[in-house]
Number of protein chains: 2
Amino acid sequence: MAATDDLMLVRAAELYYEDNKTQDEIGALLRVTRWKVGRLLAQARDEGIVRIEIVHPRARRAILERQLADRFGLADAVVVPQTDDPQAVAAATATAAADYLAALRPIPRTLGVSWGRTIDSVAQALPDGWASGVTVVQVNGGLSLSRRGSDAAATAVTIAQKGGGTAITLPIPAILERRETREVIEADRTVAAALARADSASAYLYSAGVADADSVLVESGYLTKDDVTQLVRKGAVGDVLGRYIDAFGAIVDVGLDARTVGLGLDRLRTAPTAIAVIAGEAKHRVAHAVVSSGLCTILVTDESTAQSILRHHQIEESA
Amino acid sequence: MAATDDLMLVRAAELYYEDNKTQDEIGALLRVTRWKVGRLLAQARDEGIVRIEIVHPRARRAILERQLADRFGLADAVVVPQTDDPQAVAAATATAAADYLAALRPIPRTLGVSWGRTIDSVAQALPDGWASGVTVVQVNGGLSLSRRGSDAAATAVTIAQKGGGTAITLPIPAILERRETREVIEADRTVAAALARADSASAYLYSAGVADADSVLVESGYLTKDDVTQLVRKGAVGDVLGRYIDAFGAIVDVGLDARTVGLGLDRLRTAPTAIAVIAGEAKHRVAHAVVSSGLCTILVTDESTAQSILRHHQIEESA
DNA sequence: TCACTCGCTGCTCATATGAGCAGAGCCTGC
DNA sequence: GCAGGCTCTGCTCATATGAGCAGCGAGTGA
């Protein structure tokens, strides 16, 4: 393009977006028709000369959202902007998840939720009255064997209270010593009823755990660091609902899985609404595993994780 | 403002500016009227949530331009964006000055120009055919006593040639030894004719020099470093057309001024169009002196110089 | 408890802008 | 040199948006 056209592009953009002149007025100033001005402005936007940015803690990244949804066949994706502060990013992600849940239509009658730090943050971020009468069911076992902030039942209770509803908790250890023990406990009438409610929930909200010593499963005493190291050796990239998966979303230790209490992962794959809230650099790999293996229909994440998922998927497709 | 209002602001802005939805469509999505959407968007722009920036080498800074024009009663101001590269800023300033001159209406019949590195850059940046038949007059003496790139006459000749016109040069030393010598030379018929043309020019284009050893007047051999040191002691902040001025735009050495060849500064003050092109950190003080003492009607500068001028003027007014 | 004021809303009508089309001009190839 | 095709333009008509106004609701004060 000739230099004088560049100049006209820039001037038109400045007069329109900074001086708030109409296209008619700009046409008079630049001695071209208003139709030409319109084309110049469209070109300026197309070429990135005009840069429009939404700057706010609740802003999202629409382009990455669309790319994720299209690439993985997701019903929706929510991507929050990256900052240098991991805690700010985690908070923004939790807030975005809470926003999404509150805006979800139809509002789920029964919501299955996992427990952990991320979902607890989502619970804190939810506004009072986000729903009117919702049953919130805890979908994975979580009777804390050590005393920490992430109280499994508290998360479900908070979400239910803020939604003017009731909570059904699973005050059972997340992982038991023997498969038979799990089967007996899950067969118990009240436990079976809770698991039935979990299985028939209209929507799920969960996060994923990192396969490292920082996991709440280790912190809660269900697994040792050595356990996790072995799981990683077997290919584990993280856990969903306490169940360790590899990069392809497959269970890495069938025996451990058989001792794990709560909803099975196959149910997430068949659920019409499964919201995964997964952000932070440590969770890049498990986030990728979740979206690429159909474990969620909606992903709430941060910009850096979204980019990592899209980049790695591209590499895998060209391999 | 309530948190839910913030969220609605952000969503509306994202849907409008990033997803290109109409206000009607956004209203349906957010369950409000299109008039409410319009108000939300206006608020988002007002509060800076929507940030629109023009990114291009020829972009300008409209807000600073208006502030300079309003504060100093300038007919116009042109401010180019700051970058970290002083040479890029100088180039952008020269290009902006060339753009401005080429767009000036009516096109001046006679243009008085100074000589120096900055105006030579403007000459290089001018497009061929920027005018059709213009007389370009050199307004300050400039017969180079040493051989350097900034050839005084060449600048006026380049501008004239690109404008399809003719040049009238002043091949006389910028500063003479004695006032009487200057008077004799200026009385010479051909020199007097050139000065008369300079005095009756319809517009002027000039830059300012820094009062330091890097000045083209020192480089050209008219002054020594000691001369300049003395001038600075007397309060000089820089020179305009070879004439040293202080922070208030007043001549600091009347004797030196009497020996200086060319247009007097008073003529710049009465000219309807006097374009000063002054950018770079070293020229902040002389730029301020020029605009605050009515030596120009139009200033072409960079963002940093503009901010410095506005800041210092504010301090002086509150003193 | 009532009245008044202020702020926010929805609406009408005018203005601003865009989509699509037809025509013109320019460039390339035969 | 002519013809055809492509690109860019101005325009018409439809759509999108804004300005200003009237009405309603909420809050405050007497």
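In the text below, chain A, chain B and the rest are named by the order of the sequence lines, each starting its count at 1.
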So does B/Glu53 pair up with A/Arg51, basic N to acidic O under 4.0 Å? no
Distance in angstrom units between B/Lys36 NZ and C/dG10 P, rounded: 8 Å
Closest non-hydrogen atom pair, B/Ser207 against B/Val277: OG-O, 2.7 Å
Nucleic acid footprint by protein, nucleotides 13-19 of chain C - heavy-atom cut-off 4.0 Å, B for base, S for sugar-phosphate alone: ---SBBB
Carboxylate-amine/guanidinium proximity below 4.0 Å for B/Asp19 and A/Arg66: yes
What residues form a side chain to side chain contact (heavy atoms under 4.5 Å, CB included) with A/Asp76, not counting sequence neighbours? A/Tyr100, A/Ile298
Could you work out, with ring-ring contact (aromatic ring centres under 6.0 Å, His included) as the rule, every residue matching A/Phe72, not counting sequence neighbours? A/His313
